[in-house]
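These values consider heavy atoms only, across backbone and side chains, with no hydrogens, waters or symmetry-generated copies.
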Amino acid sequence: MNLDLALRTSIQQAVTALFNQQVEQLQIQPTNQEFEGSHTLVCFPLTKISKKGPEQTATAIGEYLVVNSGIVSRFNVVKGFLNLVIADKVWVEVFQSIFANKNFGLLEKNGREVMVEYSSPNTNKPLHLGHLRNNFLGYSVAEIYNALGFTVHKVQIINDRGIHICKSMAAWKLYGNGETPQSSGLKGDKLVGKYYVEFDKNYKAQMKELVEKGMSEAEAEKKAPIMLLAVEMLQKWEAKDEATVQLWKAMNGWVYDGFESTYKRMGVDFEKLYYESNTYLLGKEEVLRGVESGVFFKKEDGSVWVDLTSDGLDQKVLLRGDGTSVYMTQDIGTAILRFRDFPKIEGQVYTVGNEQEYHFKVLFLILKKLGYKWAEKCYHLSYGMVDLPSGKMKSREGTVVDADDLMQEMADDAEKQTREIGKTEGATDAEIKDLSEMIGLGALKFFLLKVDPKKRMLFDPNESIQLQGHTGPFIQYTHARIRAIIRKAESMGVKPTKSELTQVTSLEPAEREVVFMVNNYINKLSEAARDYSPAVVANFAFDLAKGYNHFYQSIPIFNETDQAKLKFRIAFSQVVADVLKKSMRVLGIQVPEKM
RNA sequence: GGUCCGGUAGCUCAACUGGAUAGAGCAUCAGAUUUCUAAUCUGACGGUUCGGGGUUCGAUUCCCUGCCGGAUCACCA
């Protein structure tokens with residue numbers, strides 16, 4: 001049964017019967033801990049209809065519900081708040097339908113399609129902590145929509161083209177001595193990243209030298225020999241010079257291999273990859289088409305611009321004077337290409353840091369001006385930077401936290417703690433490794449996902465490896481403990497069936513509370529989808545685990561002599577484990593059978 | 001300077017989109033294992049929700065203003 005709907009309908013009936021008026025909007029919220037009840041109707045807004053004080057209004061509705069609804073057993077009124085006590089038999093019924101539904105928490109396909117873009121790194125640097133937040137967020141949002149019945153396409157755009165990759169290429173050519181991942185054993189993305197740093201180092205040294213010889217800083221920036229080489233390579237690449245394209249392919253290949261292993265460990269995946277080198281030309285075409293149709297304009301030097309001043313923004317360049325494309329150009333092309341590839345998607349979600357808010361505002365406006373209606377359904381999932389206790393991550397200062405290193409540290413630390421606690425009796429080393437990986441990554445993902453994406457967050461390494469409290473492992477542990485109960489029940493031959501559950505007529509407060517939470521799961525998922533916030537699900541899972549632990553501690557299940565109650569509690573535990581698993585699943589976190 | 005975010009317990013974060021005496025975790029202190037996993041549970045301590053105005057039955061939430069922090073405003077990505 002759908003309790004929320006039933007309750008809402010009953011209250012609407014009450015209002016109609018008592019005050020002879022219809023209401024659409026009802027404010028129903030969870031009852032505060034200090035009062036009896038689970039659902040609270042806020043009655044202040046109803047006083048206009050009832051023409052009575054808030055307390056009398058609440059009392060009248062409460063009395064009506066107890067007599068007529070068949071759901072509400074008692075009520076109390078505090079100021080304008082009507083606190084409702086749902087009858088235990090109703091709770092049992094609610095639970096029964098959840099228990100009977102194997103696919104609880106997974107809605108049927110609704111025929112709608114969306115696309116979620118995330119990750120989208122540059123190919124000149126290895127992935128770091130910021131990418132982890134990005135990937136976990138994007139992946140989770142996609143999984144949340146998927147659970148709600150949407151068909152979701154996970155994609156990314158790979159910025160494989162442009163001056164940045166040419167910088168790595170230039171440095172490699174000058175100082176690489178033919179180094180490859182095979183020759184040095186270095187992971188491909190790390191190797192290319194090394195030469196990007198190498199470029200920067202030499203570039204700065206050359207600039208300094210030129211400035212000392214009396215050149216202006218601005219000129220030195222352009223005239224440094226290594227930069228001239230990078231620019232030359234970019235031009236050669238655009239002209240499809242064979243040797244340059246070869247090197248470009250080789251170096252990008254190394255990066256992709258490196259990224260692939262990182263993604264695999266992160267547990268994220270993509271349906272389709274888009275490459276800037278394949279989309280920028282389409283973007284260029286679209287821009288030129290826009291010039292013809294008068295949406296954009298050309299300046300004397302040949303550069304193409306869009307004027308967004310009437311939208312409160314500035315003028316923005318779309319093609320350089322020499323006809324080459326900028327970042328915006330390729331994003332236009334990519335967006336259009338994606339809607340051609342997946343004509344049924346209604347919109348796109350771009351998981352990109354908040355420093356690009358302006359960029360996406362402009363992009364969506366441009367697409368709209370080009371006449372694409374779907375532009376309005378595009379959403380920039382903008383998230384805050386991840387700070388370290390020492391402040392911002394800065395590549396120049398070497399304070400960047402590498403994604404591979406961090407995952408390894410988390411797994412190592414989880415293993416250390418797992419062995420210290422010493423519950424792994426009988427487990428093989430490989431099993432302990434697997435478990436530690438699950439716990440370490442669970443801790444990391446939960447840590448990054450529990451915070452509202454919009455907010456900038458602090459990553460404290462010491463706190464992130466904590467496995468107690470508001471953490472992923474806390475939830476994983478709760479799941480493992482429940483599984484132990486289920487195993488025991490099975491070995492005892494206790495297997496609850498749907499029809500047996502209704503033999504239970506009264507519940508413990510802790511049980512009621514947990515059924516309430518479980519029943520709210522879909523609402524939470526929807527809320528998370530609406531706000532593009534996995535944090536909603538993360539906090540739900542944590543609250544559910546906490547609620548269950550409270551029950552676990554206060555009620556020893558197998559001491560129960562009443563068979564009906566025993567079976568109910570086994571079923572109840574099973575459902576909690578299932579919902580914990582599913583909610584963690586959409587966060588990309590696995591849960592163990594034992595830990 | 002313009003625009004956009006953010007400021008909540010010592011620290012990290014919540015607060016159902018305007019509702020009750022603002023909640024968790026960590027840290028600190030005090031307790032709980034002959035019983036299903038103590039990576040757990042129960043208490044205690046901890047607040048001028050950045051300051052000041054306003055809107056109303058009611059404000060952490062909306063408006064104005066000031067302060068602090070961040071992002072952004074490139075023929076970069």
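B:U28 and B:G51 have their C1' atoms separated by 31 Å, given to the nearest Å. Using atom P as the reference point in both B:A38 and B:A32, the two lie 16 Å apart (nearest Å). Nucleotides B:U48 and B:U65 place their P atoms 27 Å apart, quoted to the nearest Å. As rounded to the nearest Å, B:U55 and B:C26 have C1' atoms that lie 39 Å from one another. Comparing B:A9 with B:A27, their C1' atoms sit 12 Å apart, to the nearest whole Å. Taking atom P in both B:G52 and B:C13, one finds a spacing of 25 Å when rounded to whole Å. Atom P of B:U49 sits at a distance of 22 Å from the matching atom of B:A44, rounded to the whole Å. Taking atom P on both B:G47 and B:G10, the two are 6 Å apart, rounded to the nearest angstrom.
Ring centroid separation for the pair A:His164 and A:Tyr196 does not come in under the 6.0 Å cut-off.
Among the nucleotides B:G70, B:G19, B:A77, the one closest to the side chain of A:Gln356 is B:A77. Of all nucleotides listed (B:A71, B:U40, B:A20), B:U40 comes nearest to the side chain of A:Asn549. With distances taken from any side-chain atom of A:Ile557 to the nucleotides B:U37, B:U21, B:C36, the minimum falls on B:C36. Across B:U37, B:A20, B:C41, the shortest atom-to-atom separation from the side chain of A:Lys594 is found for B:U37. Taking the side chain of A:Met457 as heavy atoms from C-beta on, and the options B:U37, B:A77, B:C13, the nearest nucleotide is B:C13. Taking only side-chain atoms of A:Phe474, from C-beta outward, the nucleotide of B:A20, B:U40, B:C73 with the closest atom is B:U40.
Applying the ring pair (Phe, Tyr, Trp, His ring centres under 6.0 Å) rule to A:Phe296 yields no partners; only residues at least two apart in sequence or on another chain are considered. Shown here are the side chain to side chain donor-acceptor pair (under 3.5 Å) partners of A:Thr59, two or more places apart in sequence or in another chain: there are none. A:Asn278 meets the side chain to side chain donor-acceptor pair (under 3.5 Å) test with no other residue; sequence neighbours excluded. Residues forming a ring pair (Phe, Tyr, Trp, His ring centres under 6.0 Å) with A:Phe44 (at least two apart in sequence, or on another chain): A:Phe81. The salt bridge (Lys or Arg N to Asp or Glu O under 4.0 Å) check on A:Asp452 picks up A:Lys454, with sequence neighbours excluded.
Contact check, A:Tyr383 against B:C5: no side-chain N or O comes under 4.0 Å of OP1 or OP2. For B:U21, one of the phosphate oxygens OP1 or OP2 lies less than 4.0 angstrom from a side-chain nitrogen or oxygen of A:Lys79. For the OP1/OP2 pair of B:G7 and a distance below 4.0 Å, the side-chain nitrogens and oxygens of A:Arg456 include no atom meeting the criterion. Contact annotation: A:Arg320 side-chain N/O to B:C76 OP1/OP2 distance is under 4.0 Å.
Geometrically, A:Lys488 engages A:Phe558 in a cation-pi contact, judged by NZ or CZ lying under 6.0 Å from the ring centre and within 45° of the ring axis.
Between A:Phe35 and A:Val317, the residue anchored closer to the 5' end of RNA chain B is A:Phe35, taking for each the nucleotide with the nearest heavy atom. Judged by closest nucleotide on RNA chain B, A:Phe44 is the one of A:Glu276 and A:Phe44 placed further toward the 5' end.
If you check B:U40 for Watson-Crick or wobble pairing at under 3.5 angstrom, you find it paired to B:A32. B:G6: Watson-Crick or G-U partner is B:C68, with both key distances under 3.5 Å. The partner of B:C45, taking Watson-Crick or G-U wobble pairs whose two distances both stay under 3.5 Å, does not exist in any strand shown.
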May I have the list of side-chain donor-acceptor pairs in residues 518-525 of chain A shorter than 3.5 Å, sequence neighbours left out?
from	atom 1	to	atom 2	distance (Å)
A:Asn520	OD1	A:Asn523	ND2	2.7
A:Asn523	ND2	A:Asp4	OD2	3.0

Solution key, residues 462-470 of chain A side-chain donor-acceptor pairs under 3.5 Å, sequence neighbours excluded:
from	atom 1	to	atom 2	distance (Å)
A:Ser464	OG	A:Pro461	O	2.9
A:His470	NE2	A:Asn539	OD1	3.1

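When side chains are defined from C-beta on, A:Phe447 counts as touching A:Met457, because their heavy atoms get closer than 4.5 Å. Between A:Thr334 and A:Glu276, every side-chain heavy-atom pair lies at or beyond the 4.5 Å cut-off. Contact check for A:Leu319 versus A:Leu288: side-chain heavy atoms found under the 4.5 Å cut-off.
Each of A:Phe364, A:Tyr532, A:Tyr383 was scored for a ring-ring contact (aromatic ring centres under 6.0 Å, His included) with A:Tyr350, with one residue passing: A:Phe364.
Contacts of residues 119-131 of chain A with RNA chain B (heavy atom under 4.0 Å): A:Asn122.
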Listing time: all N or O pairs from protein to nucleotides 14-18 of chain B that are below 3.5 Å?
from	atom 1	to	atom 2	distance (Å)
B:A14	OP1	A:Asp452	N	2.7
B:A14	OP2	A:Lys455	NZ	3.0
B:U17	N3	A:Arg530	NH2	2.9
B:U17	O4	A:Arg530	NH2	2.8
B:U17	O4	A:Asp531	OD1	3.1
B:U17	O4	A:Asp531	OD2	2.4

Atom pairs under 3.5 Å: protein N/O with N/O of nucleotides 61-64 of chain B:
none

Can you name the atoms? Protein N/O to nucleotides 24-26 of chain B N/O, anything below 3.5 Å, with the distance.
from	atom 1	to	atom 2	distance (Å)
B:G25	O2'	A:His470	N	3.0

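Using a 4.0 Å cut-off between a side-chain N of Lys or Arg and a carboxylate O of Asp or Glu, A:Glu560 and A:Lys565 do not qualify as a salt bridge.
The stretch residues 474-496 of chain A participates, sequence neighbours left out, in these ring pair (Phe, Tyr, Trp, His ring centres under 6.0 Å) pairs: A:Phe474-A:Phe542.
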